[in-house]
Every structure is written in C-alpha cells, then in structure tokens.
Amino acid sequence: VGSEMCIRDRYEHGALTEVVNASWDDLFAMPIEHLYILNNAGPRARDEWYVHHIVTDRYVLVDGVVDLALFDARDDSPSRGTLVVTTLDPIGGEAPSGVRIPAGVWHSFRCRSPRMVLINAKVPGYNRAEPDKYRLSMPNEHTDFRWSTYQEL
C-alpha cells in the first residue's frame, strides 16, 4: 500500500486513516482470516527471524517507523537467497505503509520510533492447534544479518 493509495483525513481531534480497501489488489486480493494489532513502546529490534510455511502476512503500519528485513528462502523463487531491508512509514508517510510477506520469506523488524502500531492481516488464519510460525536466531546458516550491526544505507 503506497501512501498515495490511502486516505488520511485530519480533523480537529485526530484523523481517519484507511487500513483496508478492496482496490488495493496487490495487498488485499486474498481474504482476511485473522487480523491483529501489534504495538511496541520504544525503539527496539526483534533479534530473530520468523517464517511461515503456509501463512501470508500483510502488515499495515498505522503509527511509527519500522525497518523490515526480508530474506527469501523459497525454493521456486527467482529472488531466493536475497536479503532486503526496507522502511515502512505510517499511512500517509513518504515510504510505503503496507507490505505482503509470502509464506517462505523470513522476516524481522526493528521499530525506530518511540511508539509503533502495526496491523497484521493473515491468511489463512492462525491455527492454535498447529501454529505455522517458525523462528531462527540472528545470525544463522542462511544469513549473517543482525540488527545490532545493520547500518542504514
């Protein structure tokens, strides 16, 4: 979701911000089966990677600034083995506010602002009996990336 795709109307006591719009085919072509809000107080980084084998994550950053690291481990992907670090701004900011993370792509994030509010719209929904969430420490056998040594470009 690019900032040009979102509506953010400010008014006297706050703002109205779009979070989901059916016209955002690149992010919300699939249905929403599980939706949650993650908030974080203070700048900090996740010191591990997360991946799903079935689930697609769709992040929309509502407030704050987040660096997102993505490592493609999908066997059939032309970008297999590629590491990308990108920044998400809140809706209406300069950088994109939303991203779709396919199954098989390892991800981690670092909050750079005093506060962060992020919405995740998963598909398929979370299965408590058989969670599709796997973790790896940083660094690991796939990449030597770690937030503590990452320098912005």
Side-chain angles (χ1 to χ4, degrees), residues 1-3 5-6 17-22 24-91 93-153:
V1 177
S3 59
M5 298 173 71
C6 303
T17 303
E18 282 187 294
V19 176
V20 177
N21 186 314
W24 303 338
D25 291 339
D26 58 333
L27 192 58
F28 288 105
M30 297 179 285
I32 296 172
E33 294 185 16
H34 183 198
L35 183 71
Y36 67 84
I37 296 173
L38 176 66
N39 58 45
N40 203 42
R44 77 179 43 193
R46 297 257 174 128
D47 60 353
E48 59 187 354
W49 292 100
Y50 303 88
V51 74
H52 308 290
H53 296 302
I54 300 167
V55 171
T56 295
D57 282 328
R58 291 168 292 176
Y59 290 170
V60 175
L61 185 65
V62 177
D63 191 22
V65 178
V66 169
D67 289 327
L68 180 65
L70 304 162
F71 180 79
D72 191 350
R74 298 173 294 173
D75 288 333
D76 60 348
S77 174
S79 59
R80 179 172 171 72
T82 302
L83 171 72
V84 173
V85 180
T86 189
T87 299
L88 298 180
D89 279 344
I91 294 172
E94 295 295 317
S97 58
V99 65
R100 180 174 40 90
I101 305 170
V105 175
W106 290 89
H107 48 287
S108 181
F109 65 84
R110 172 177 69 177
C111 176
R112 292 192 354 213
S113 52
R115 168 186 137 122
M116 175 204 71
V117 178
L118 181 125
I119 294 174
N120 189 358
K122 293 179 172 290
V123 64
Y126 182 72
N127 180 345
R128 285 178 177 38
E130 295 180 35
D132 178 37
K133 186 169 189 173
Y134 305 90
R135 294 176 167 91
L136 268 180
S137 61
M138 287 183 175
N140 56 57
E141 66 272 15
H142 302 290
T143 176
D144 60 357
F145 178 86
R146 66 180 92 181
W147 288 115
S148 61
T149 59
Y150 171 71
Q151 300 297 315
E152 291 182 59
L153 302 176

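Atom set for the values below is all heavy atoms of this structure, side chains included, hydrogens, waters and symmetry mates excluded.
Although no hydrogens or angles enter the test, the distance criterion places no donor-acceptor pair under 3.5 Å between the side chain of H107 and the main chain of L70. One N or O on the side chain of R80 and one on the backbone of A73 form a donor-acceptor pair closer than 3.5 Å. Between the R110 side chain and the D67 main chain, no donor and acceptor come within less than 3.5 Å of each other.
In this structure, R146 does not pair ionically with D47, as no charged nitrogen and carboxylate oxygen lie closer than 4.0 Å.
Here the closest heavy-atom approach between residue S113 and residue G64 is recorded as OG-CA, 3.1 Å. Closest non-hydrogen pair, L68 versus S108, comes out as CD1-O, 3.4 Å. The two atoms that bring I32 and L35 nearest to each other are CG2-CB, 4.1 Å, heavy atoms only. Heavy atoms only, all atoms of each residue included: P114 and P43 are closest at CA-CD, 4.1 Å. Heavy-atom minimum distance, M116 versus C111: CB-SG, 3.5 Å. D144 and P139 get closest at one heavy-atom pair: CA-CB, 3.5 Å.
The side-chain contact (heavy atoms from CB on, under 4.5 Å) search around A69 returns W49, V85, F145, W147, not counting sequence neighbours. The salt bridge (charged side-chain N to carboxylate O under 4.0 Å, His left out) check on E48 picks up R135, with sequence neighbours excluded. For Y134, the ring pair (Phe, Tyr, Trp, His ring centres under 6.0 Å) partners two or more places apart in sequence, or in a different chain, are H53. Residues satisfying the side-chain contact (heavy atoms from CB on, under 4.5 Å) test with R74, not counting sequence neighbours, are D72, D76, S77, S79, P102, V105. Remark: R46 pairs with no residue by the salt bridge (charged side-chain N to carboxylate O under 4.0 Å, His left out) rule, at least two apart or across chains.
For H34 and Y36, the ring centers are positioned less than 6.0 Å apart.
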Practice prompt. For the pair V99 and T86, evaluate side chain to side chain contact (heavy atoms under 4.5 Å, CB included) and give the outcome as yes or no after the intermediate values.
Written response: CA-CA 10 Å; V99 65; T86 189; 5.7 Å; no

Worksheet item: Which is it for V65 and D89 under the side chain to side chain contact (heavy atoms under 4.5 Å, CB included) test, yes or no, and what are the steps along the way?
Response: CA-CA 5 Å; V65 178; D89 279 344; 4.0 Å; yes

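Results of the side-chain contact (heavy atoms from CB on, under 4.5 Å) test with D132 over V55, V51, N127 single out V55 as the only residue that passes.
At least one side-chain heavy atom of F109 sits under 4.5 Å from a side-chain heavy atom of L38. Residues R58 and V123 have side chains in contact (heavy-atom distance under 4.5 Å, counting atoms from C-beta outward).
The structure places CG of N120 at 12.0 Å from CG of L61, a figure rounded to the nearest 0.5 Å. Distance check, rounded to the nearest 0.5 Å: OG1 of T82 to CZ of F71 gives 8.0 Å.
Among residues at least two apart or in separate chains, salt bridge (charged side-chain N to carboxylate O under 4.0 Å, His left out) pairs with a member in residues 115-129 are D57-K122, D63-R115.
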